[in-house]
Amino acid sequence: MTTTTTAKPRRGRASVPEVAAPASSSSALDALTAQPTAGGDSHAVLVPLERLRPHPHNPRKNLGDLTELTTSIRAHGVRQNLLVVPDPDDRDAFRIVIGHRRAAASRDAGLTAVPVVVDHGLDEISQRELMLVENLQRVDLTPVEEADGYQDLLDLGVDVATIAAHTGRSETTVRSRLRLAALPGKARDAIHARDITLEDAAALSALPPDRQEPVLKAIGTPNFAYEVRKAREAVALEEEVAPLLKVLADAGATELPKNEWQSPEGAVVHLRAHASRATGAAEDLAGKVDAGWTWRWYWGEIIVYRPFTLEEAQEQAEAAERRATVDAEWKEAQARAAQARAVRTEFATVTAATRREFLEHLIHDRKALTKDQTAALLDYVATAAAEHPWDGTYHKGAFRGYPFPTETSDADAFVDWLRIKLPDDYRPSYHRDELLPIVAAAAADLSAPQRLLAALAAAVEPIGEDTWRYGGRSVTTARWYALLEQLGYVVSDAERAALVVPLDDDEDADESGEDD
């Protein structure tokens with residue numbers, strides 16, 4: 001690589017030689033600048049600012065605050081010459097190699113010309129090296145500007161070791177800066193704006209390009225470190241499973257959508273391997289897998305599927321046929337159950353309305369119950385009270401419901417059976433204490449047996465579809481119907497049939513059920 005040694009002595013000059021005003025013609029300018037610059041023959045000339053061009057490869061893109069330098073130049077003039085080279089694109093102009101800030105400040109100070117030294121021998125590499133070293137030593141380049149300067153030299157064929165030697169940086173520093181040059185624009189802007197540190201930028205630059213996007217979106221947010229760590233973990237995972245993925249890729253196996261559990265049609269799981277076992281899994285698959293196989297990521301694992309063998313395909317077909325038969329039978333059974341449920345629901349609705357009409361007549365439309373009715377009612381209550389420890393449970397396959405009002409819902413139903421109309425603004429509370437005076441007033445016109453019958457009706461009625469599903473196996477329902485018949489209720493044939501327990505009914509078949 002061609003380099004020059006003229007930059008250092010120029011930087012050390014303490015004064016500027018006397019120079020004459022430049023001639024106006026371009027030929028005179030050429031004569032003035034056509035002097036050798038190596039050794040002691042170089043000298044400064046005044047060049048109009050309008051003929052000076054910034055170097056297109058100057059690593060420093062932002063010249064910074066020029067206020068102080070402008071004030072100094074306005075007061076004392078330019079105390080140090082600029083170093084320029086002929087502009088290859090304009091024979092009447094020059095490119096600034098060293099002195100971009102001085103040229104800009106001179107314009108701000110109102111100068112029309114500045115002293116320059118023209119070096120005709122600087123090649124492109126030497127120009128860029130000089131600009132880079134000058135900026136590194138005199139002003140603070142941003143890390144990205146420094147990186148771009150190194151990249152420019154690298155593009156011209158200068159190796160990292162030479163760049164390090166000529167700039168006074170270590171090779172490690174040069175390589176780390178070169179990684180910054182490859183960062184996306186948003187990350188480069190963030191480094192300029194100090195939104196991320198160089199350590200953060202180095203972590204970002206170390207990620208593969210396809211892993212950088214989520215991290216870029218998190219720049220300037222509290223999520224940046226998390227996204228960097230997440231991306232690193234993903235990269236580490238990919239590196240760990242690389243041997244297995246290579247075997248699959250070489251065989252032409254197809255990747256399936258991530259994190260879905262179901263196996264593809266016509267295939268079976270052949271291998272499930274966590275990342276830590278990927279190397280062994282690769283050895284296991286070598287020579288077995290082919291283009292008909294598939295695989296997917298599944299939450300940190302790789303699942304590999306192979307096609308069915310002929311025997312397995314036959315078994316699957318037979319299993320599918322069996323499942324179809326079972327499904328058809330199940331659907332048929334569900335249809336029958338739904339039909340039976342509809343019949344029971346209609347039966348429960350009609351019989352509940354019939355019983356309610358009969359009971360309300362006894363409670364409200366008669367002056368009192370007969371002695372026989374009262375005796376039957378007391379016998380029912382006495383029997384139910386004696387068997388209270390078993391009430392509300394299944395016992396030997398038969399359900400015994402609560403024959404007395406024991407729950408809040410029974411108390412609310414009791415108000416209904418007494419034909420109490422609550423105020424429109426009534427809102428029930430947990431204890432229902434506000435109902436006591438209302439209930440007492442409504443019950444005052446009824447005899448004690450009638451009040452008792454209303455309370456029992458509130459506990460037992462209505463008998464729902466689920467209770468009729470088991471028919472006579474509900475002790476409470478059977479006993480309630482016996483009382484109703486003694487009170488004068490005419491039991492229909494359908495009700496009587498529903499109360500009969502089938503001879504083939506297994507009393508232990510149902511161990512649970514719903515309250516009647």
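Note that the numbering runs from 1 along the sequence shown for the chain. Computed from a predicted structure; not experimentally measured.
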Tell me every residue that passes salt bridge (charged side-chain N to carboxylate O under 4.0 Å, His left out) with [X], counting only those two or more places apart in sequence or in another chain.
X      : answer
Asp284 : Lys288
Arg232 : none
Glu124 : Arg128
Asp250 : Lys246

Listed partners of [X] passing side chain to side chain contact (heavy atoms under 4.5 Å, CB included), at least two apart:
X      : value
Ala103 : Leu49, Leu82, Ile96, Arg107
Lys258 : Glu255, Trp297
Lys230 : Tyr226, Glu227
Thr325 : Glu329

Treating [X] as the side-chain partner and [Y] as the backbone partner, does any N or O pair qualify as donor plus acceptor under 3.5 Å?
X      : Y      : value
Arg101 : Ile98  : no
Glu171 : Ala161 : no
Gln316 : Gly266 : no
His55  : His100 : no
Arg102 : Gln80  : yes

*Got a second to check how far Glu315's CD is from Thr309's OG1, nearest 0.5 Å?*
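So the gap between those two atoms works out to 7.0 Å.
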*Going from CG on Leu244 to CD on Glu283, what distance comes out if it is rounded to the nearest 0.5 angstrom?*
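CD of Glu283 is found 11.0 Å from CG of Leu244.
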*Pick from Asp119, Asp90, Asp87: which one makes a salt bridge (Lys or Arg N to Asp or Glu O under 4.0 Å) with Arg95?*
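The option that passes is Asp87.
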Close side-chain approach of [X] and [Y], heavy atoms under 4.5 Å:
X      : Y      : answer
Ile303 : Leu256 : no
Leu248 : Trp293 : no
Trp295 : Leu271 : no

Non-hydrogen atoms of [X] and [Y] that approach each other most closely:
X      : Y      : answer
Pro243 : Thr279 : CG-OG1, 4.2 Å
Pro264 : Thr294 : CG-OG1, 3.5 Å
Ala231 : Val215 : CB-CG2, 4.1 Å
Ser263 : Tyr305 : OG-CE2, 3.4 Å
Val289 : Ala253 : CG2-CB, 4.2 Å
Ala164 : Ser170 : CB-C, 4.0 Å

*Begin with the C-alpha distance, continue with both residues' side-chain angles, and end with the deciding distance and a verdict on side-chain contact (heavy atoms from CB on, under 4.5 Å) for Leu285 and His270.*
CA-CA 9 Å; Leu285 285 180; His270 177 79; 3.6 Å; yes
Under 3.5 Å, sequence neighbours excluded: what are the donor-acceptor pairs made by side chains of residues 333-344?
residue : atom : partner : partner atom : Å
Arg336  : NH1  : Glu332  : OE2          : 3.2
Arg344  : NE   : Glu465  : OE2          : 2.8
Arg344  : NH2  : Glu465  : OE2          : 2.7

*Just do the side-chain contact (heavy atoms from CB on, under 4.5 Å) check on Phe94 and Val116 with the steps written out, would you?*
CA-CA 10 Å; Phe94 300 91; Val116 304; 5.9 Å; no
*Applying side-chain hydrogen bond (donor to acceptor under 3.5 Å, both in side chains) between Glu301 and each of Arg272, Arg296, His274, report the one that passes.*
Arg272
Side chains of residues 69-76: which donor-acceptor pairs under 3.5 Å do they make with residues two or more places apart or in other chains?
residue : atom : partner : partner atom : Å
Thr70   : OG1  : Leu66   : O            : 2.7
Thr71   : OG1  : Thr67   : O            : 3.0
Arg74   : NH2  : Asp108  : O            : 3.3

*Results of side-chain hydrogen bond (donor to acceptor under 3.5 Å, both in side chains) for Arg306 - residues two or more places apart only*: Glu312
*asked:* Among Val85, Val97, Val84, exactly one meets side chain to side chain contact (heavy atoms under 4.5 Å, CB included) together with Val118. Which residue is that?
replied: Val84
*What ring pair (Phe, Tyr, Trp, His ring centres under 6.0 Å) pairs are there with at least one residue in residues 235-263, not counting sequence neighbours?*
Trp261-Tyr298
